[in-house]
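Below you'll find the structure, written out as structure tokens, and then a few comments.
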Amino acid sequence: MSKEIIESGESILGVEFGSTRIKAVLIDSGTKVLAMGDHEWENQNEGGIWTYSLDAIRNGLQDAYRKLVSDVKERYGVGIRTLKAMGFSGMMHGYMAFDESDELLVPFRTWRNSITGEAARELTEKFNFNIPERWSIAHLYQAILNGEEHVSRIKFQTTLAGYIHWKLSGEKVLGVGEASGMFPIDPTTGQFDADMVSKMDGLLSEKNMPYKLADIFPKVLNAGEPAGTLTAEGAKLLDPSGELQPGVPMCPPEGDAGTGMTATNSVRQRTGNVSAGTSAFSMVVIEKSLKKVHPEIDIVTTPDGSAVAMVHCNNCTSDLNAWVGLFCEFADLIGAEADMGKVFGSLYKHAMKGDADGGDILAYNYLSGENITGLTEGRPMVVRTPNARWNLANFMRVNLYSAFATLKIGNDILFKEEGVEADKLLGHGGIFKTKGVAQQILADALNTPVSVMGTAGEGGAWGMAVLAAYMVTKADGESLADYLDEKVFAGEEGEELKPDPVGVKGFDDFIERYKMGLIAEKAAMDAVEWRLDAIQSK
């Protein structure tokens, strides 16, 4: 049956560009996974700017798709000539600016760059709306404030997902969820907020820019709206073999936040999800506006335009993964079996034997800066007192705590100060693969029940494919929330873990020491030189 679906062009493709992996997923109209392919990649630091080259983007896209096709041929003995629909997503925010010849003006500036503080502060005050440093509008305005030569020559500005969609379809559009990470969205219209656009146009005029925002920004589309079709040039770009034919319908490109909400059925009000990977963010669909502006909390939207309170952390699992890699290296050194999955699982499970407060050990997982804790650069660090309960279980427990520590600081504002309520939170990302470990720690950290669904392991690429399926299979007037409830997640609630009172108190004790210890992290940032040459040589 799956073979016939693929041969007849009824399968649906979703591709997501994550921080360390590009993943392609092929599904049927019922959202069952048929095949997968992926490509590993890493950002580069060029002149102090975190970036990915256009060659890396193109090569990664083609490699992930090629591996998907190989998986299809190995499983079913057929190729892919056409598809029912496709969609592309990527890391949100950042800065990709193009001139009138469609040439990139400066290297892609990713979400990871904490270089727009002045612009973010000025725009936040101007709009009375939190504009985080990683947002696309902050990058644009900071470049203008810096007097960068290229800014007067911008003809189009977009995100990574928008760029890929543009190159494949010729359409300069974004899904509303992705667009909400470029510039504030008015939930009543599903478009860029008109009043704030007017204020921004005033600033552009004051700086003698030869354009208004609407001249250079993508068109905003809602989930389910058509967003063009795969062009002949796009088909050749995606599949250089020439097997894939043009004409495939494409849905609006989305960000990893929107695909995460889709993959965890978290688009209704009072639902939420936590995505944990290289970065971490929580998304809670709110019922009403927050009482005040918080620099720690972004207001974005679901893929169908509902307001969402987002707590975003630049750092999550990278340092944790580095420690596990070190243990794998040691295992290899002594001739022991060092299967990465087994090492991860064993260490994670052992962490649950540690003390609830982490044994008076602190770990900071900052490879890059963190707005929530006021750090512009990162210095991964482990600190302990002389009488700390120093053992492997506590060491691993505090590194897992550290992965969620900044997320907790931001969510304490949301839940405790703003009184926002969530009926459920769903976790997704590789950190949750070891059953009952990171899920329980997160439940304790946020003092909220956390569920993990079987589909969460498929991640954002699957969520993007689901959005593409929604576009071509939804009933007339069927909302995204209803479609997910009734056609995708019917009968699946996921496995829920409730907060453990001992764990809640332990994490609270840990986080108080963690916040006090931030002065040491800041001192390390000032005292320990960031060796750019060492980063570039890797």
Side-chain angles (χ1 to χ4, degrees), residues 1-17 22-37 57-58 60-73 76-90 102 156 158 160-175 178 218-254 259 303 461-476 483:
M1 183 64 177
S2 297
K3 176 181 177 180
E4 288 72 23
I5 289 171
I6 296 169
E7 280 188 307
S8 62
E10 290 296 305
S11 59
I12 298 165
L13 174 67
V15 179
E16 179 155 284
F17 283 67
I22 302 167
K23 186 174 181 180
V25 171
L26 195 71
I27 66 172
D28 62 20
S29 294
T31 71
K32 173 188 173 184
V33 174
L34 302 175
M36 292 186 288
I57 294 169
R58 182 185 65 253
L61 173 66
Q62 292 174 350
D63 188 47
Y65 182 77
R66 179 183 59 80
K67 289 175 179 174
L68 171 77
V69 172
S70 295
D71 190 33
V72 167
K73 291 180 177 178
Y76 311 111
V78 297
I80 302 175
R81 285 188 55 80
T82 188
L83 298 155
K84 188 169 187 175
M86 61 170 57
F88 295 83
S89 62
D102 295 338
F156 180 48
T158 191
L160 176 58
Y163 169 73
I164 296 158
H165 185 94
W166 172 38
K167 288 303 174 182
L168 296 180
S169 69
E171 300 289 337
K172 297 178 178 179
V173 300
L174 284 183
E178 174 76 336
K219 180 181 178 182
V220 181
L221 298 176
N222 209 318
E225 291 189 79
T229 58
L230 182 67
T231 63
E233 295 80 5
K236 186 176 181 180
L237 173 61
L238 180 59
D239 181 15
S241 75
E243 185 174 18
L244 181 64
Q245 300 302 301
V248 178
M250 297 181 66
C251 71
E254 265 299 342
T259 59
W462 179 79
M464 191 66 239
V466 169
L467 288 171
Y470 171 66
M471 181 185 71
V472 293
T473 65
K474 70 182 188 301
D476 288 343
Y483 173 81

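All heavy atoms count here, side chains included; hydrogens, waters and symmetry mates do not. Here, residue 1 is the first one in the sequence, and each next residue gets the next number.
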Query raised in the report: Charged N to carboxylate O below 4.0 Å: is that the case for K67 and D63?
Result: yes
Report task. Determine whether L244 and V69 make a side-chain contact, defined as any pair of heavy atoms from C-beta on separated by less than 4.5 Å. Result -> no
Query raised in the report: So which heavy atom on A35 is nearest to which on V72, and how close?
Result: CB-CG2, 3.5 Å
Query - Where at least one partner belongs to residues 28-37, residue pairs that pass salt bridge (charged side-chain N to carboxylate O under 4.0 Å, His left out), sequence neighbours excluded - result: none
Query raised in the report: How would you list all residue pairs meeting side chain to side chain donor-acceptor pair (under 3.5 Å) that involve residues 1-11, not counting sequence neighbours?
Result: E10-K84
Query raised in the report: Quick one: side chain to side chain donor-acceptor pair (under 3.5 Å) pairs with a partner in residues 464-474, sequence neighbours left out?
Result: T473-Y483
**Report entry** Residues which pass salt bridge (charged side-chain N to carboxylate O under 4.0 Å, His left out) with K172, listed by chain and number, not counting sequence neighbours
**Finding:** none
Query raised in the report: Can you tell if the side chain of L230 reaches within under 4.5 Å of the side chain of T82, non-hydrogen atoms only?
Result: no
Requested in this report: Not counting sequence neighbours, which residues clear side-chain contact (heavy atoms from CB on, under 4.5 Å) with A475? List them please.
Outcome: E478, K487
Report task. Taking Y76 for its side chain and L34 for its backbone only, find out whether a donor-acceptor pair lies under 3.5 Å. Result -> yes
Query - Partner set under side-chain hydrogen bond (donor to acceptor under 3.5 Å, both in side chains) for E16, not counting sequence neighbours - result: S89, T259
Requested in this report: Name all pairs fulfilling the salt bridge (charged side-chain N to carboxylate O under 4.0 Å, His left out) condition that reach into residues 223-249, sequence neighbours left out, sorted by first residue then second.
Outcome: K73-E243
Report summary line: T158 meets the side-chain hydrogen bond (donor to acceptor under 3.5 Å, both in side chains) criterion, sequence neighbours left out, with none
Report summary line: Sorted by chain and residue number, the side-chain contact (heavy atoms from CB on, under 4.5 Å) partners of E171 (sequence neighbours excluded) come out as H165, S169, V173
Requested in this report: Kindly write out the residues that satisfy side-chain hydrogen bond (donor to acceptor under 3.5 Å, both in side chains) with R58, not counting sequence neighbours, or none if the list is empty.
Outcome: D55
Query raised in the report: In chain order, what residues pass the side-chain contact (heavy atoms from CB on, under 4.5 Å) check against P240, with sequence neighbours excluded?
Result: Q62
Requested in this report: Check side-chain contact (heavy atoms from CB on, under 4.5 Å) between A468 and all other residues, then give those that pass, not counting sequence neighbours.
Outcome: I12, A85, C251
